[in-house]
Visitor: 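Quick one: the structure is below, questions incoming.
Numbered from 1 within each chain, the chains take letters A, B, ... in sequence-line order.
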2 protein chains.
Amino acid sequence: MVNGEKYVSEEARQAVEEAIAQVGYVRNSAARNLVKQESRAIGLIIHEPHSLLFEDPNIGSILLGANEVLSKADYQLVSLIIDSDRDSRRVADYLRGGLVDGAVIISARASDPIAAAVAEIGLPAAFVGHPDGTPDLPYAAINNEEAARNITGRLLGTGRQRVGMIASALDRDSGQDRLAGFRAAMGGKFDPALVVEYPLYTYAAGLEGMQELLRREPAIDGVFAASDAVAAGAMTALQEAGRRVPEDVGIVGFDDSSWALRCRPQLSTVRQPADLLGSTAAELVLAQLNGLPGTPRVLDTTIMWRGSA
Amino acid sequence: MVNGEKYVSEEARQAVEEAIAQVGYVRNSAARNLVKQESRAIGLIIHEPHSLLFEDPNIGSILLGANEVLSKADYQLVSLIIDSDRDSRRVADYLRGGLVDGAVIISARASDPIAAAVAEIGLPAAFVGHPDGTPDLPYAAINNEEAARNITGRLLGTGRQRVGMIASALDRDSGQDRLAGFRAAMGGKFDPALVVEYPLYTYAAGLEGMQELLRREPAIDGVFAASDAVAAGAMTALQEAGRRVPEDVGIVGFDDSSWALRCRPQLSTVRQPADLLGSTAAELVLAQLNGLPGTPRVLDTTIMWRGSA
DNA sequence: TTGTAAGCGTTATCAT
DNA sequence: ATGATAACGCTTACAA
């Protein structure tokens with residue numbers, strides 16, 4: 001009897017399995033999520049100005065870094081991009097709706113609506129970077145001010161007399177802090193006339209910015225560009241203007257992105273561990289999911305000294 | 001009585017609204033999706049080799065293009081990246097689970113597991129590009145073979161005698177087709193010794209590839225690089241070897257990405273409408289969601305003739 | 001108009 | 001062990 005039963009259930013199992021394969025049964029995640037009250041998905045919110053999605057190689061690294069740790073913990077990373085106010089609302093609804101268990105927010109600006117929404121609904125989340133004016137959430141960041149101060153100091157150490165800066169993205173913490181660091185390193189030598197500002201970290205900003213700087217001060221002999229892309233543009237402008245790098249003017253950047261090795265001479269720059277930034281932020285979210293505090297982390301940067309200064 | 005009822009319900013409504021605001025009620029999307037049998041989300045699967053996420057500016061454009069049309073139709077675009085076999089399985093489960101109503105697949109390779117899974121579960125989907133060996137799904141693509149043939153022809157038209165190619169990504173349709181186009185344009189002049197192959201569309205591939213080509217044939221006077229990034233690397237190698245571009249050797253690329261304008265001289269290249277590719281693929285998915293056929297579309301490319309050849 | 005109940009596809013609990 | 005049943009939070013159709 002027991003045997004019989006077993007036998008029958010064996011047969012039934014096979015039949016069922018066959019039926020499953022033929023009918024193509026797949027369990028419905030919406031139903032599963034509903035009853036389990038979790039989705040095992042983490043949202044990653046990308047809120048970049050249009051052009052940066054193409055020019056900034058950091059975001060790819062951040063993404064991959066976050067994906068790696070989430071994948072290991074068996075969470076699905078879902079990236080949500082915000083490119084309009086409409087997107088902003090829809091994404092907020094998406095996060096609110098319980099479709100994700102947590103979120104990592106990259107490149108938030110002061111008073112970011114998404115960050116506010118996340119905080120309001122109490123979703124476990126973490127920033128990459130830590131803009132002020134945003135809710136009190138843990139973050140993974142670097143010390144932009146310190147790094148900028150260090151590399152500017154190093155540039156000054158090569159004996160430059162008239163050094164300027166091409167600042168960018170002043171609406172974000174990274175942009176602000178890099179400028180602050182530059183200013184601090186310059187001390188009494190700081191001259192507001194030698195800093196130009198552009199909204200985005202782009203090659204074009206570097207190109208124009210350097211031309212403007214050259215116009216304002218032909219004797220300029222050092223430049224700190226707010227990012228490698230900017231530095232690359234500046235180098236082109238310099239070379240087209242007949243200045244030799246680094247003999248006539250020394251130039252340093254920030255990021256150590258693929259731009260740096262691509263320049264001739266190669267860029268002296270600040271290396272920031274973009275992939276670590278992503279993975280650390282992801283860990284911060286995971287920690288909160290496990291009831292742990294999730295304390296902010298600031299990661300180390302190092303100076304990569306190459307040929308451009 | 002009726003008045004009384006109304007009054008009460010008014011009061012109740014206010015109370016409820018207040019309670020909602022205080023308690024922070026938000027409706028649960030899982031439950032909604034369950035009953036409505038739809039998620040109003042579309043997945044975008046990114047299956048790029050690690051390094052390309054940083055070097056290929058096309059994918060950002062594709063993403064933005066897709067997001068724009070989906071956003072207008074009130075669909076949430078969710079990007080899922082695949083960076084390991086584990087990711088591959090998890091993403092397949094995600095798609096199967098009914099968490100998205102459709103999918104656009106970019107940079108699929110022959111016999112892509114995700115593409116197979118999508119086809120198997122009958123999810124409305126579209127490719128960007130159309131690798132062969134993949135299931136019969138609509139796609140948005142360009143004619144890589146034709147475009148490569150045209151620009152190679154144009155290069156030949158400048159009187160070059162010994163022209164080579166730096167081919168890349170031969171595991172994908174784009175890579176294969178660009179090589180085929182080159183070969184077709186060369187006709188009897190085609191010399192297998194003058195084509196080098198690299199796995200990825202990268203700056204590094206261009207750098208090394210050009211050095212190798214120079215070694216094999218010092219008299220080389222023309223090069224077709226499989227992408228702008230590759231062309232940029234090739235140009236650097238050429239200039240470091242003391243060759244003038246375009247006087248000594250002419251060089252053409254493919255993509256018209258931001259690389260093209262960044263080179264000195266600027267690159268002659270094939271412009272492909274990456275954002276349109278994304279938006280068209282998204283439209284193809286939307287069409288299927290509305291019960292329409294969703295027929296493949298091949299978009300036009302144009303030659304941007306600049307200073308490099 | 002307002003309210004009530006059934007049902008979506010799971011999981012988990014509690015009898016059998 | 002195995003099977004029936006409630007519950008997850010929402011929408012919708014139908015009754016009052």
Side-chain angles (χ1 to χ4, degrees), chain A residues 1-43 73-76 78 89-103 117 120-124 289, chain B residues 1-43 73-76 78 89-103 117 120-124 289:
Chain A
M1 186 171 150
V2 170
N3 277 334
E5 233 177 285
K6 261 188 177 167
Y7 178 73
V8 169
S9 89
E10 255 312 304
E11 205 165 53
R13 170 179 301 166
Q14 283 199 6
V16 168
E17 280 177 356
E18 206 164 285
I20 282 179
Q22 286 201 2
V23 169
Y25 166 84
V26 282
R27 84 168 162 223
N28 180 310
S29 301
R32 177 182 227 269
N33 294 351
L34 178 58
V35 58
K36 300 209 74 170
Q37 297 287 64
E38 65 162 15
S39 63
R40 295 210 76 81
I42 302 291
D74 245 299
Y75 276 89
Q76 175 64 51
V78 312
R89 280 192 296 276
R90 197 172 8 74
V91 167
D93 284 349
Y94 193 89
L95 298 178
R96 255 196 281 277
L99 265 22
V100 296
D101 295 340
E120 181 197 319
I121 63 180
L123 191 68
L289 253 17
Chain B
M1 188 169 151
V2 171
N3 276 334
E5 236 178 282
K6 261 188 177 169
Y7 179 72
V8 169
S9 88
E10 255 313 304
E11 205 165 55
R13 171 180 298 167
Q14 285 198 6
V16 168
E17 280 178 355
E18 208 163 283
I20 282 179
Q22 286 200 3
V23 168
Y25 166 85
V26 281
R27 85 168 160 225
N28 181 309
S29 300
R32 177 181 227 270
N33 293 350
L34 178 58
V35 57
K36 299 208 75 167
Q37 298 287 64
E38 66 163 14
S39 63
R40 294 209 76 79
I42 303 291
D74 246 298
Y75 275 89
Q76 175 63 51
V78 312
R89 279 190 299 275
R90 198 172 8 74
V91 167
D93 284 349
Y94 194 90
L95 298 178
R96 255 196 283 275
L99 265 22
V100 296
D101 296 338
E120 182 197 320
I121 63 181
L123 192 69
L289 252 17

Visitor: For V100(A) and L123(A), work out which heavy atoms get closest and say how close.
Guide: O-CD1, 3.8 Å
Visitor: According to side chain to side chain donor-acceptor pair (under 3.5 Å), does anything in residues 29-43 of chain B pair up with another residue at least two apart or in another chain? List the pairs.
Guide: S39(B)-D101(B)
Visitor: Enumerate the protein-to-nucleotides 7-10 of chain D contacts in which both atoms are nitrogen or oxygen and the separation is below 3.5 Å.
Guide:
from: dG9(D); atom 1: OP1; to: Q37(A); atom 2: NE2; distance (Å): 3.1
from: dC10(D); atom 1: OP1; to: Y25(B); atom 2: OH; distance (Å): 2.8
from: dC10(D); atom 1: OP1; to: N28(B); atom 2: N; distance (Å): 2.7
from: dC10(D); atom 1: OP2; to: Y25(B); atom 2: OH; distance (Å): 3.3

Visitor: Are D93(B) and R96(B) within salt-bridge range, i.e. N to O under 4.0 Å?
Guide: yes
Visitor: For DNA chain D, which ranges pair as stems of 3 or more consecutive Watson-Crick or G-U pairs, with both donor-acceptor distances under 3.5 Å?
Guide: C:3-16 with D:1-14
Visitor: Could you tell me if the side chain of I42(B) sits less than 4.5 Å from the side chain of Q76(B), heavy atoms only?
Guide: no
Visitor: Measure across A30(B) and L99(A) and return the closest heavy-atom pair with its distance rounded to 0.1 Å.
Guide: N-CD1, 4.0 Å
Visitor: Between residues 90-102 of chain A and DNA chain D, which residues have a heavy-atom gap below 4.0 Å?
Guide: none
